Structure formats: structure tokens, C-alpha cells
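Being a predicted model, the structure only gives us computed values, none of them experimental. Residue numbers begin at 1 in each chain, while the letters A, B, ... track the order of the sequences.
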Amino acid sequence: MYKTHSCGELRSEHAGQMVELAGWVHRQRDHGGVTFIDLRDRYGIVQVVADPARPEVGAIQEARAEWVLKIAGIVRRRPAGAENPNMATGQIEIEATSVQVLNQARPLPFLVNKDEDTDEALRLKYRYLDLRRERMQNNMILRHHVVKFIRDYLSERGFLEIETPMLFKTTPEGARDYLVPSRLQPGMFYALPQSPQQLKQLLMVSGFDRYFQIARCLRDEDLRGDRQPEFTQLDLEMSFVERDDVLQLVEGLFTKMVKDILPQKRLLASPWPCLTYAEAVERYGSDKPDLRFGMELYGLNEIFAHTDFMVFQNVIKSGGVIKCIVAPGCAEYTRKEVDDLTTFAREQGAKGLATLALAADGVKGTAQKFIKPEDVSAIQARTGAKTGDLVLFIADSKAVANKTLSALRLLFRDRLGLADPDVLAFAWVVDFPMFEYNAEDQKWDAAHHPFTMPKMEDLPKFETDPAQILSDAYDMVLNGYETASGSIRIHRSDIQQKVFQLLGLKDEEIQSKFGHMIEAFQFGAPPHGGMAPGIDRLLMIFAGEPNIREVIAFPKNQAGRDLMADAPSPASERQLNELQIKLDLKKAEEPK
RNA sequence: GGUCCCGUGGUGUAGCGGUUGAACAUGCGGCCCUGUCAAGGCCGAGAUCGCGGGUUCGAAUCCCGUCGGGGCCGCCA
């Protein structure tokens with residue numbers, strides 16, 4: 001070993017000990033006759049001091065930031081008055097007896113001893129340096145603690161961790177698959193798993209009634225701040241359980257996790273709130289509401305039932321809704337600020353935005369002249385809007401009104417600082433619809449996935465009104481993010497057939513794509529269900545990071561590229577030949 | 001596929017039509033300095049303002065295109 005101790009562990013009680021340390025030069029302070037180095041490893045930082053005139057420690061003066069040193073020396077209490085209360089090791093220092101340079105370092109492309117904003121492309125290109133920063137080290141350490149907690153918690157409760165294949169089968173439903181060509185079966189393709197969904201259900205058929213896996217999932221869709229093409233889920237599944245058994249287990253897991261490893265965070269409520277999908281969408285316009293603040297949506301169709309305002313009238317006539325939110329203290333918004341909100345609303349799909357400003361010197365706003373004074377009073381009574389507030393109306397289809405007002409609600413959350421960053425507002429959203437109609441393809445899609453159990457009492461609606469069928473699907477939401485999704489699964493092959501048929505799959509297709517599932521369910525499949533919390537997204541929220549990349553060691557950028565290794569990259573002629581693949585690139589650029 | 005924003009020494013920013021021979025901080029190099037901890041002092045090097053084209057007497061600054069990066073919509077069972 002190069003070292004007897006870590007840089008972070010030394011304290012007053014080590015005083016007098018001979019120690020050896022190895023680490024990176026965090027900072028160097030050269031005073032001529034005495035030179036200090038802050039030596040860093042992942043456990044912390046300790047001050048090393050030496051007189052560079054002595055040859056055996058002379059290297060302390062040559063050393064530059066991020067050089068790798070081995071230090072031998074004596075731990076001693078710092079002289080009175082020279083202690084540093086801001087450092088964990090600030091009571092002591094190492095009086096070096098030997099300073100050995102293990103490796104030099106070129107000046108870095110950016111400073112790692114400072115948490116300075118740096119172009120993210122540069123950070124990603126030199127990710128291994130970026131990961132030296134305290135912020136990223138902390139994120140990786142937190143990630144380890146979270147995953148370890150999960151493994152311990154579930155193991156103690158009888159869960160088995162079982163691995164499932166990365167090379168599996170493409171499925172017609174859901175996200176776009178990453179395909180992997182087969183060399184041994186030319187022209188055939190594996191798919192990388194979007195999740196181990198089918199495999200974990202088959203493990204239930206095998207009798208592993210409590211399974212989990214820290215599973216990598218891959219989806220070839222466009223990226224977002226909270227979405228990477230490969231991400232990690234806690235995949236778990238249980239047999240002989242009902243919905244609330246799964247919810248209780250997961251709620252218990254995260255409640256204890258927060259208590260044990262996130263002491264700086266507070267749960268909004270325990271037990272967690274539970275909303276139905278319908279309720280969440282009605283009150284917050286979203287199936288993943290941020291419950292850390294109010295600012296709920298209000299439906300105003302009754303108040304405007306007999307309005308003269310043509311825009312509102314027409315929307316009501318055509319079956320749409322008029323809903324509003326109240327932005328507290330925003331009545332004095334300027335024309336430009338309101339225009340910007342309107343632009344924002346349009347970007348979300350709304351046709352426009354009407355406002356009512358309850359200013360101190362009277363009611364103003366774009367809708368003022370269309371809204372009767374008694375209706376203003378009715379709106380205030382309904383929403384609690386006070387003088388000084390700005391009421392924002394969207395008149396549109398239910399879906400557009402909800403989506404737009406939900407986006408506006410989050411805009412005001414950030415603008416007005418309405419949400420406490422130290423609060424974790426976990427909540428359940430349950431009773432999702434089973435199917436959604438896909439107008440573009442004129443067919444029904446599974447809202448969650450096709451293995452989700454419809455509510456038994458809704459089974460007759462398969463023939464009459466699929467839109468009204470609810471399912472035993474549920475989401476865990478946290479601070480406005482969907483952080484887990486799950487369901488009770490279908491374990492009867494007849495119901496599974498029915499679902500596939502409604503989704504428009506032909507019998508041959510069902511057989512070729514999902515025959516193994518249907519068949520498995522005929523060999524004694526137990527009732528089962530589970531869910532899959534997204535580890536990266538949870539960590540992003542736990543760490544207070546603005547995007548998911550900050551909690552992933554080597555993430556992709558928005559274009560799905562790894563800027564460090566420069567992936568993806570072209571395959572060689574030979575590789576393609578072995579796979580019997582010919583490229584047919586439509587867009588000009590040939591790979592070089 | 002669409003849309004918006006960003007791109008100035010190694011890094012982070014300022015400058016946004018002409019006293020700017022592009023400024024400041026930090027980093028880098030040299031010298032001085034025995035107690036600092038974002039050490040300090042002095043000196044120095046370092047950017048043709050992502051790239052290409054245009055407008056103009058004059059462009060880092062305005063316009064168009066392009067490349068790179070980010071946010072959002074679509075997409076994400």
C-alpha cells in the first residue's frame with residue numbers, strides 16, 4: 001500500500017503518529033521558507049507542511065495542482081491560532097519527512113478544486129476530471145448509499161436479487177428499442193431491455209415471490225434533462241400481493257431511506273398522500289403533481305355557463321373547459337410579462353391565455369372587459385384569489401387546459417420560489433386509465449403497459465367503452481417528477497389475450513411477440529405485481545441537482561453522444577461484414 | 001421533426017456598431033516571502049471574440065447559414 005491512512009481520517013488523536021499518505025495536490029501555498037499543500041483523496045483533505053529547503057521534502061515546492069504525491073510525515077497538532085475550523089482535519093497537519101512525486105499533471109482544462117460553473121460539454125469531455133470535484137464525488141457517494149440501502153432493506157425482507165439478460169427480444173409496444181444485430185443468426189436482432197418487465201413476471205411464475213434487481217434499462221427516445229437513453233431502475237416484483245402491499249413496501253423503503261441517509265431532507269407527509277389519477281389531473285393538471293405548494297387548478301365552467309365572452313362561450317359549447325390558476329402577488333405584471341406568459345402558454349399548445357389582475361386600484365387584465373363584476377366575485381370566492389393576485393385562464397380542450405396550466409404552475413413555482421427545496425413531497429397516484437386512444441394511428445394504446453391488470457369490475461367495458469376502463473396501475477411521484485411506475489399484473493392468459501386484442505395485435509403477432517408470456521400464464525402463474533423506481537431521477541432530486549446527468553458517472557449529452565469517448569462511432573467494414581449488414585444512409589453524411 | 005437560448009485568453013465573465021491597440025477575475029510562467037488555508041506582493045505570457053458568408057466607411061457587437069452545447073414541444077408501453 002502506498003498509504004497508511006486516508007487524507008480525511010486524521011484527527012487530533014493521531015498526533016505523534018508517523019503516517020504515509022497518497023493523494024492529489026488540491027492547493028499549494030508557498031511562503032518561501034515554509035510551504036503548505038492540501039492533499040486530497042476521496043475521503044477528505046489534509047494540510048501538509050514542510051520547509052522546502054530540506055532536500056527530502058523539496059518536491060513540495062515543485063508540486064502543482066493535481067499532481068499525485070506520496071507523503072510520509074508526522075501528524076501534529078497545529079500551532080495555537082493556526083487551526084482551521086472549516087476543515088474536518090483542521091486541528092492537525094502533517095509535518096512531512098518525505099515528499100515523493102508519483103505523477104505530474106498538465107494544467108487541467110478546468111479547475112477541480114472549485115465548484116465553478118463550467119461549460120458542460122467540456123465537463124463531459126473530461127468527465128474523469130469533473131468527477132474529482134467535491135460535488136460529483138458527493139453525488140457518486142450518495143448514489144452508492146442509496147443503492148446499498150435498497151439492497152439491504154429488501155434483502156432483510158426476503159427479496160432475492162436476480163439478474164436478467166441484456167440481450168432480449170424486441171417488443172412492438174412502448175419505447176423504441178435499441179437493436180443489437182446477431183452474428184450467429186444473420187438478419188436477426190436482439191433488443192436491449194426497456195425494462196426487465198416480462199422477465200420479472202416470468203420469475204414470479206417460477207416462484208421467486210420477492211424479486212428485485214438494480215436494473216439498467218435502455219430506451220431509444222429523445223433525451224431530456226431528466227431522461228437518459230440508459231438509466232437505472234430498482235426493478236421489483238412480488239407474488240400474492242395486492243396494490244397496497246406493493247405501495248406499503250415501497251413507501252416503507254423510501255421513508256426509512258430518507259430518515260437514514262438524507263437527514264437534511266423532510267418528508268412533506270407520512271404516510272404519503274394518495275391521489276387518484278382523475279383527482280391529480282383535475283386539481284393539478286398533471287399525473288405527477290408537485291405537492292410542495294398549492295396553486296391548484298380550478299374549473300370555472302359553471303361560472304361562465306352564461307358568459308357573453310365569445311371565446312369562453314365557444315369553448316364551453318364545443319365541450320372544452322375553462323380552468324384557471326392564481327399567481328399570488330402578480331397583479332402588477334407588465335404587458336410584456338403577460339405577453340411572455342401567453343407565448344409560454346402557446347408553446348404548451350394552448351390557443352391563448354386570458355388574465356385577470358386583481359390590482360389594488362381595480363380589476364385589470366386581458367379578460368377584464370369580458371368578465372362581469374359578479375363573475376369576478378364568483379371566481380374569487382371559488383379560488384380564494386385576493387387583491388394583488390393574477391388569475392390566469394385557459395379555455396381549451398380539457399387536455400390542453402390541464403397541460404398548459406400545469407406548466408404555468410411549475411413556472412410560477414420556480415419564479416416565485418414556492419417550493420421548499422428541502423422538502424420531499426412523495427405521493428401516490430393510483431387508478432390510471434388502462435387505455436389511451438391514439439388518434440394518429442387510430443388505435444388503443446396501453447397507458448402503462450399491456451401486462452397491467454384492468455380493474456375486475458371494468459372488464460365488461462372492453463366491449464363497450466375501453467376509455468373508461470381503469471387499471472391497477474400506480475405511480476410514485478416526488479416534487480413534480482414521476483419517480484416510479486408499477487401495477488398489479490395480469491396473471492390469467494384469457495385477460496392477457498383480451499388486452500392484446502384490444503391493442504390491435506393480430507393473433508399471429510400475439511403468438512410471435514408474446515407467446516412465451518401467454519403460455520407461461522397457463523402453467524400456474526400466481527397473482528403478482530410490482531413497480532420500478534427510477535434511481536437516477538430520485539438521486540437527482542435527493543442531491544438537489546438540476547438534471548439527471550449530474551448523478552450519472554458517464555452520461556450522454558442531449559444528442560445521445562458520449563463526448564469523452566466520442567460514441568457512437570462508425571463500425572468497421574469487417575464488423576459490418578460479419579453481421580451481414582449494409583448501410584443505406586439517407587442523410588448525406590457517410591461515416592468516415 | 002419543431003422551437004427557443006447560449007458560444008469572447010486554459011476556465012468563468014464584461015464589452016453588444018467607432019477613444020477596445022478586446023477589459024476583469026481566476027488559472028499558467030518567473031521572482032520575493034517561515035504559518036497559510038480562495039495565502040500575499042511584483043513582473044510576464046496568453047483570445048484575430050465557434051466557423052463561413054453578408055450589411056456597413058467601420059462588426060466581438062447587426063443579418064443569414066453552419067457547427068457545437070443546453071431548455072422545451074412531439075416522443076418516452
Taking the side chain of A/Asp222 as its heavy atoms from C-beta onward, which of B/rG74, B/rC72, B/rU11 lies nearest to it? B/rG74
When the P atoms of B/rU3 and B/rG65 are compared, how many Å lie between them, rounded to an integer? 11 Å
Within 6.0 angstrom of A/Lys455 NZ, more than 12 heavy atoms from elsewhere: yes
How about A/Phe36 and A/His31: are their ring centroids closer than 6.0 Å? yes
With sugar-phosphate meaning primed atoms plus P, OP1 and OP2, does A/Arg123 contact a base, only sugar-phosphate, or nothing at under 4.0 Å between heavy atoms? nothing
Any donor-acceptor pair under 3.5 Å between the side chain of A/Arg346 and the base of B/rC73? no
Taking atom C1' in both B/rC51 and B/rG69, what distance in whole Å separates the two? 15 Å
Please measure how far the P atom in B/rU19 lies from the corresponding atom in B/rG58, and state the result in whole Å. 15 Å
Spell out protein contact along nucleotides 29-38 of chain B as letters: B when the base is contacted, S when just the sugar-phosphate is, - when no protein heavy atom is under 4.0 Å; keep the 5' to 3' order. SS--BSBBBB
Do the rings of A/Tyr128 and A/Tyr126 sit parallel, tilted or perpendicular, given the 30° and 60° boundaries? perpendicular
Across every strand shown, the nucleotide meeting Watson-Crick or G-U wobble geometry with B/rU3 (both distances under 3.5 Å) is B/rG71
Closest to side chain of A/Arg224, choosing from B/rC73, B/rG71, B/rG69: B/rC73
Can you check the distance between B/rG53 and B/rC73, where both ends of the measurement are the C1' atom (answer in whole Å)? 32 Å
Please work out whether the ring planes of A/Tyr277 and A/Phe432 are parallel, tilted or perpendicular, with thresholds of 30° and 60°. tilted
Look at the rings of A/His5 and A/His14 and say which category their plane angle falls in: under 30° parallel, 30 to 60° tilted, over 60° perpendicular. perpendicular
CG on A/Asp507 to OG on A/Ser512, rounded to 0.5 Å: 11.0 Å
Base-pairing assignment for B/rG65 (Watson-Crick or G-U wobble, both under 3.5 Å): B/rC51
Categorize A/Leu563 for me: base, sugar-phosphate, or nothing, with a 4.0 angstrom heavy-atom threshold over every strand shown. sugar-phosphate
Can you tell me the pairing partner of B/rG40 across any strand shown, Watson-Crick or G-U wobble, with both distances under 3.5 angstrom? B/rC32
So what does A/Lys125 hit on the nucleic acid, given a heavy-atom distance under 4.0 Å: a base, only sugar-phosphate, or nothing? nothing
Roughly how far apart, to the nearest Å, are B/rC28 and B/rG18 at atom C1'? 34 Å
Measure from the ring center of A/Phe462 to the ring center of A/Phe435 and say whether it is less than 6.0 Å. yes
